[in-house]
Amino acid sequence: MTEQEIIRRDKLKELQALGIDPYPAEMFPVSAFAADIVANYQEELLDDGTKNRLNYQDVAIAGRVMAMREAGKALFMNLQDSSGRIQLYLRREEINGGDENSPMFDTVIKKLLDLGDYVGIRGFAFRTKTGEVSVHVQEFRFLSKSLRPLPIVKRDAEGHVFDAFTDPEQRYRMRYVDLTVNPEVRETFIKRTKLIKTIRAYLDELGLLEVETPILQPIHGGASARPFKSHHNTLDMPLYMRIANELYLKRLIVGGFDGVYEMGKMFRNEGMDRTHNPEFTMLEFYVAYKDYFWLMDVTEQMLERVARALSPDGGAVMRVGENDINFAGPYTRLTMFDAIRQHTGLNVETADESELRNYCRQNGIEIDATMGKAKLIDEIFGEKVEPHLIQPTFLIDYPVEMSPLTKKHRAKPGLVERFELFVNGKEVGNAYSELNDPIDQRERFEDQLRLAARGDEEAMALDDDFLRALEYGMPPTAGIGFGIDRLTMLFTGQTSIQEVLFFPQMRPEVDKG
RNA sequence: GAUCCCGUAGCUCAGUCGGUAGAGCACUUGACUUUUAAUCAAGGAGUCAUGGGUUCGAGUCCCAUCGGGAUCACCA
């Protein structure tokens with residue numbers, strides 16, 4: 001234990017010796033929040049020059065003590081609750097209740113109270129000489145003693161931050177500390193929740209049914225990725241953590257629901273970096289009798305609504321890094337081939353494989369011998385086009401080889417009816433007119449099996465029950481998936497996924513008390 | 001998985017050419033009846049990530065390991 005921790009434990013014993021319970025059981029009747037008092041306190045100036053305080057004259061507030069400034073027989077604290085901070089003003093005489101021998105002020109508060117302790121106080125709001133709305137404390141109670149020192153972050157009047165708690169490792173491992181001392185972290189997560197609620201409300205209004213589908217799946221389907229594998233003891237069979245829920249949601253469309261959505265965790269056993277966490281949140285929704293054009297309209301409406309909910313001024317334009325991004329539709333719609341033509345001059349439609357390979361070699365795009373034409377196109381797109389798609393852009397009509405669950409294009413042979421949405425140079429959504437032809441779907445699965453046989457660990461497994469479902473008949477359906485974490489990054493201006501997950505995956509901590 | 005950078009007090013960081021560990025905040029003791037990065041005086045606090053090596057001597061140089069970050073590969 002460190003010196004400061006030992007001192008705090010000694011203080012805890014001293015409090016108990018004085019008959020003060022540092023961890024009382026009874027509830028504390030909070031009647032106001034710090035930020036509300038600061039924002040709404042009112043007083044009037046009387047003719048004789050004195051002030052008449054108009055509201056918050058009997059408040060009970062609770063929170064952590066985040067700063068203390070002693071001034072002889074008076075003392076100032078900053079109290080932080082869930083809404084923000086407010087200054088407290090304590091006077092020796094009052095805290096001691098007129099009893100000269102009372103230990104309350106000089107011992108209990110000045111010595112035994114630490115920064116970080118939870119306290120509850122009763123008092124009245126007023127404005128100090130320097131103009132700060134504060135609470136004049138009349139009653140003071142310990143609610144929970146803190147045994148470890150918090151990092152002390154200080155801010156001056158101009159908002160300059162001193163000694164910020166910034167080490168990412170410590171911030172992620174001890175998110176509770178991060179949230180306590182870094183208010184902007186709190187704001188990011190509140191925005192995340194607001195984004196999710198806005199999307200839910202929109203989808204509910206559209207009339208979609210929110211559903212839950214299995215996380216433990218006997219066959220991992222619906223995406224190209226490596227799964228986590230587990231084992232069920234009683235059934236004595238392997239189970240996989242889902243990499244996607246697409247095939248289950250489509251079974252529900254087969255079952256007669258017109259529209260379903262699920263927002264939930266997916267799990268992929270792959271590398272981690274600032275845009276990948278082993279578990280992440282996806283939204284998928286599927287709507288019968290629609291196609292991918294309809295989904296583009298819906299996407300525009302949904303994201304505009306999210307932008308308006310999260311932007312400071314209620315507008316559809318969000319500042320992301322150095323870019324002002326306008327989420328009001330309609331968004332640019334560009335075929336993949338046109339996009340590549342615009343940014344490279346290549347005509348990938350007519351080019352053959354060797355021509356594409358030459359282009360990649362000349363432009364420093366890494367390729368290998370196993371890549372077919374579709375894969376080469378994807379590489380060129382990722383290198384040369386994707387980073388330039390700052391304003392929301394629908395990239396439409398992909399080669400069939402890369403999309404085993406997507407309906408073939410109604411007019412263009414070799415392509416599928418698929419789009420991906422790009423914003424700020426990154427993909428945030430992937431959608432298509434769903435393949436509902438069971439015979440075509442079986443062939444696509446068989447193509448995937450051939451890839452798997454060649455060693456592709458991410459090839460999709462054949463799901464016989466899903467094919468059976470399609471054989472019973474699935475109406476024409478449009479479906480889309482959004483990475484909620486990446487959307488959150490976009491709308492909060494964060495550049496790493498760890499900043500939008502409360503508890504990002506970390507390696508085990510080396511033993512330190 | 002590969003490469004590079006980082007790890008010193010509770011927090012943020014200095015630490016020169018290899019010569020017995022430093023600052024600010026926090027903490028302790030004291031002063032102060034409206035302070036606000038409060039101020040003033042004094043003091044305590046370190047397995048320099050871990051383990052080896054080189055050296056008379058290592059926070060510093062070398063090797064390995066652990067953890068974090070960045071870039072790349074794979075992916076959403």
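Convention: sequence-line order gives letters A, B, ...; per-chain numbering from 1.
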Check: Whole-Å distance between B:A38 C1' and A:Met66 CE?
Finding: 17 Å
Notebook entry, point to check: By centroid distance (under 5.5 Å) and plane angle (under 30°), are A:Phe76 and B:A38 in a stacked arrangement?
Noted result: no
Note to self: Looking at A:Arg69, I'd like to know whether one of its side-chain N or O atoms comes within less than 4.0 Å of OP1 or OP2 on B:U35.
What the structure shows: no
Next item on the list: Please state the P separation for the pair B:U60 and B:C48 - nearest whole angstrom.
Entry: 10 Å
Check: Could you give the CD-to-C1' distance, from A:Glu169 to B:C66, as a whole number of Å?
Finding: 10 Å
Note to self: Between B:G18 and B:U55, how many Å separate the two C1' atoms, rounded to a whole number?
What the structure shows: 9 Å
Next item on the list: Might you work through the salt bridge (charged side-chain N to carboxylate O under 4.0 Å, His left out) test for A:Lys111 and A:Asp106, ending with a clear yes or no?
Entry: CA-CA 7 Å; A:Lys111 289 208 190 334; A:Asp106 292 299; over 6 Å; no
Notebook entry, point to check: In the 5'-to-3' direction, what one-character label does each nucleotide of nucleotides 21-27 of chain B receive under the scheme B = base within less than 4.0 Å of a protein heavy atom, S = sugar-phosphate only, - = no such atom?
Noted result: ---BSBS
Margin query: Nearest whole Å is fine: how far is B:U28 C1' from A:Glu70 CD?
Written below: 12 Å
Checklist line | Nearest-Å distance for atom pair CG/P, residues A:Asn277 and B:G68 | finding: 12 Å
Note to self: For B:G68 and A:Arg507 - does any side-chain N or O of the residue sit under 4.0 Å from the phosphate oxygens OP1/OP2?
What the structure shows: yes
Margin query: Under the criterion salt bridge (charged side-chain N to carboxylate O under 4.0 Å, His left out), I'd like the reasoning laid out for A:Asp485 against A:Arg192: C-alpha separation, chi angles, the key distance, then a yes or no.
Written below: CA-CA 8 Å; A:Asp485 312 286; A:Arg192 181 184 171 113; 2.9 Å; yes
Next item on the list: Could you check how far CZ of A:Arg92 sits from P of B:C32, rounded to whole Å?
Entry: 10 Å
Item checked: A:Glu93 bridged to A:Lys73 by N-O distance under 4.0 Å -> no
Item checked: Watson-Crick or G-U stems of RNA chain B, 3 or more pairs, under 3.5 Å, by first number -> B:1-7 with B:66-72, B:10-13 with B:22-25, B:27-31 with B:39-43, B:49-53 with B:61-65
Next item on the list: Using the C1' atoms only, state how far B:A9 lies from B:A21, rounded to an integer number of Å.
Entry: 10 Å
Notebook entry, point to check: Is A:Gln87 side chain donor-acceptor paired with the B:U35 base, going by distance under 3.5 Å alone?
Noted result: yes
Checklist line | Separation of atom CD in A:Gln170 from atom C1' in B:U8, rounded to whole Å | finding: 13 Å
Notebook entry, point to check: Between atom CG in A:Asp273 and atom P in B:U3, what is the gap in whole Å?
Noted result: 18 Å
Next item on the list: Indicate whether any N or O donor in one side chain lies under 3.5 Å from an N or O acceptor in the other, for A:Thr50 and A:Asn52.
Entry: no
Notebook entry, point to check: So, is A:Arg173 near the phosphate of B:G67, with a side-chain N or O under 4.0 Å from OP1 or OP2?
Noted result: no
Next item on the list: Provide the distance between the two C1' atoms, one in B:G22 and one in B:U8, to the nearest whole Å.
Entry: 10 Å
Next item on the list: Write down the distance separating the P atoms in B:U65 and B:U3, rounded off to the nearest Å.
Entry: 11 Å
Notebook entry, point to check: Given that A:Arg91 and A:Asn430 both sit by RNA chain B, which one's nearest nucleotide is further toward the 5' end?
Noted result: A:Arg91
Notebook entry, point to check: Sub-3.5 Å donor-acceptor pair from the side chain of A:Thr198 to the main-chain atoms of A:Val306, do we have one?
Noted result: no
Checklist line | Whole angstrom value for the distance that separates P of B:U35 from NZ of A:Lys73 | finding: 16 Å
Margin query: So A:Ala164, base contact, sugar-phosphate only, or nothing? Heavy-atom distance under 4.0 Å.
Written below: sugar-phosphate
Check: A:Asn430 side chain to A:Gly481 main-chain N or O, any donor-acceptor pair under 3.5 Å?
Finding: no
Notebook entry, point to check: Should A:Glu499 and A:Arg171 be marked as a salt bridge (charged side-chain N to carboxylate O under 4.0 Å, His left out) after you check the CA-CA gap, both sets of side-chain angles, and the distance that decides it?
Noted result: CA-CA 10 Å; A:Glu499 295 292 349; A:Arg171 288 182 47 233; 2.8 Å; yes
Margin query: Once you apply a heavy-atom cut-off of 4.0 Å, does A:Phe482 come out as touching a base, just sugar-phosphate, or nothing?
Written below: nothing
Next item on the list: Check for a donor-acceptor pair, side chain of A:Gln217 on one end and backbone N or O of A:Ala244 on the other, with a separation under 3.5 Å.
Entry: yes
Item checked: ring-ring contact (aromatic ring centres under 6.0 Å, His included) contacts touching residues 373-403 of chain A (sequence neighbours left out) -> A:Tyr331-A:Phe394, A:His343-A:His388, A:Phe381-A:Phe422, A:Phe394-A:Phe419
Check: Taking the nucleotide of RNA chain B with the closest heavy atom to each, which residue, A:Met282 or A:Leu113, is nearer the 5' end?
Finding: A:Leu113
Next item on the list: Please state whether the rings of A:Phe126 and A:Tyr89 are parallel, tilted or perpendicular, taking 30° and 60° as the class boundaries.
Entry: tilted
Check: Phosphate oxygens OP1/OP2 of B:G30: is one of them under 4.0 Å from a side-chain N or O of A:Lys111?
Finding: yes
Next item on the list: Kindly indicate whether the side chain of A:Leu150, heavy atoms from C-beta on, has any atom under 4.5 Å from the side chain of A:Leu115.
Entry: no
